[in-house]
Amino acid sequence: MSEKKSLQDAYAIKTPEDSINLYRDWASSYDSDFAKQNDYRSPLEIANYFDKYSNNEDTPILDVGAGTGLIGEYLKLSSREIDAIDISPEMLNIARLKNCYAKIIEADLTKRLLIKDNHYGAIVSAGTFTHGHVGPDAFDELLRVTRAGGLFVLTIHYKLYKIAGFDKKLLEIKKSITKPNFHEVDAYGNNPDKDHGSDKVIITVFRKK
Ligand SMILES: C[S@@+](CC[C@H](N)C(=O)[O-])C[C@H]1O[C@@H](n2cnc3c(N)ncnc32)[C@H](O)[C@@H]1O
């Protein structure tokens, strides 16, 4: 039996292999031990901002680093097609049980994806562009698999926006996207964690041109 996982463990990872190992052990307790106990709000915020910015043509949707499918649960009512992509088969197994995803894709977002060009009408993501997880270069592949006009609504951890080069990446791709809108929100609600309880994420919203 592995010991209880925490935000400190999540923020300590450095490679895709670290992600596979961490989330293999965390998957079965992630929703209860992590999301519920920490009042983790990012997936709900993404669903709310998706509702705010999207139109009926923003489909199908790809949930990037979908994990156990928390965004899918919140978006389920919109009755649009949502696919889940993640590197962790164990996290995806939990997502599958929730019956909100049309397709479950196990893949490493730091590599080329086996998805055809211009397929998706929207990209959503919570908690994936964060410490040691997935960096800004993944935007290139996400743009490739999204059709012109497709909507992006994703969280970037506020401490990494500059340090990890998300600001530079958005400038690099600026000819391919509309001017991004940013909303800084709390990642957690009622969370007493002294190190991370007040962490914020930057909800970043743009469309592919
Ligand atoms: C903090 S969890 C977020 C899960 C879900 N989006 C949520 O908000 O609850 C981060 C997710 O990113 C996935 N991940 C990390 N590195 C990845 C990579 N290189 N490719 C694909 N998924 C990755 C992990 O497996 C994990 O499910």
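All ligand and atom numbering here is 1-based and tracks the order in the structure. For this chain, numbers begin at 1 and follow the sequence in order. Since the model is a prediction, treat every value here as computed from it, not as a measurement.
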Considering only heavy atoms, does [X] approach ligand 1 within less than 4.0 Å through its side chain, its backbone, both, or neither?
X	value
T130	neither
P43	side chain
D108	both

Sub-4.0 Å atoms of ligand 1 with respect to non-hydrogen atoms of A126: 3 (C), 5 (C), 6 (N), 7 (C), 8 (O)
Atoms in ligand 1 flagged as close to M91, the criterion being non-hydrogen separation under 4.0 Å: 27 (O)
Would you say [X] contacts ligand 1, with heavy atoms under 4.0 Å as the rule?
X	answer
A107	yes
A66	yes
F34	no

Aromatic contact, F182 with Y158 (centres under 6.0 Å):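 Distance test on ring centres: not under 6.0 Å, no.
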Ring centers of F206, F152 separated by less than 6.0 Å: yes
Exercise: identify the closest heavy-atom pair between A84 and A66: CB-CB, 3.5 Å
Where E141 and L113 come nearest, the two heavy atoms and their spacing: OE2-N, 2.7 Å
Geometric class of the Y23/H133 ring pair [parallel <30°, tilted 30-60°, perpendicular >60°]: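 Answer is perpendicular, since the angle exceeds 60°.
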Pair D83, Y120: side-chain N/O donor-acceptor within cut-off below 3.5 Å: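 Looking only at side-chain atoms, Y120 and D83 do form a donor-acceptor pair, the distance falling under 3.5 Å.
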Side chain or backbone, does [X] bring an N or O within less than 3.5 Å of an N or O on ligand 1?
X	answer
H133	no
I71	no
S19	yes

Chi angles and distances behind the salt bridge (Lys or Arg N to Asp or Glu O under 4.0 Å) call for E73, K98: CA-CA 7 Å; E73 283 188 280; K98 295 178 179 170; 3.1 Å; yes
Nearest neighbour in protein (non-hydrogen) for atom 13 (C) of ligand 1: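 That would be D86 OD2, 3.3 Å.
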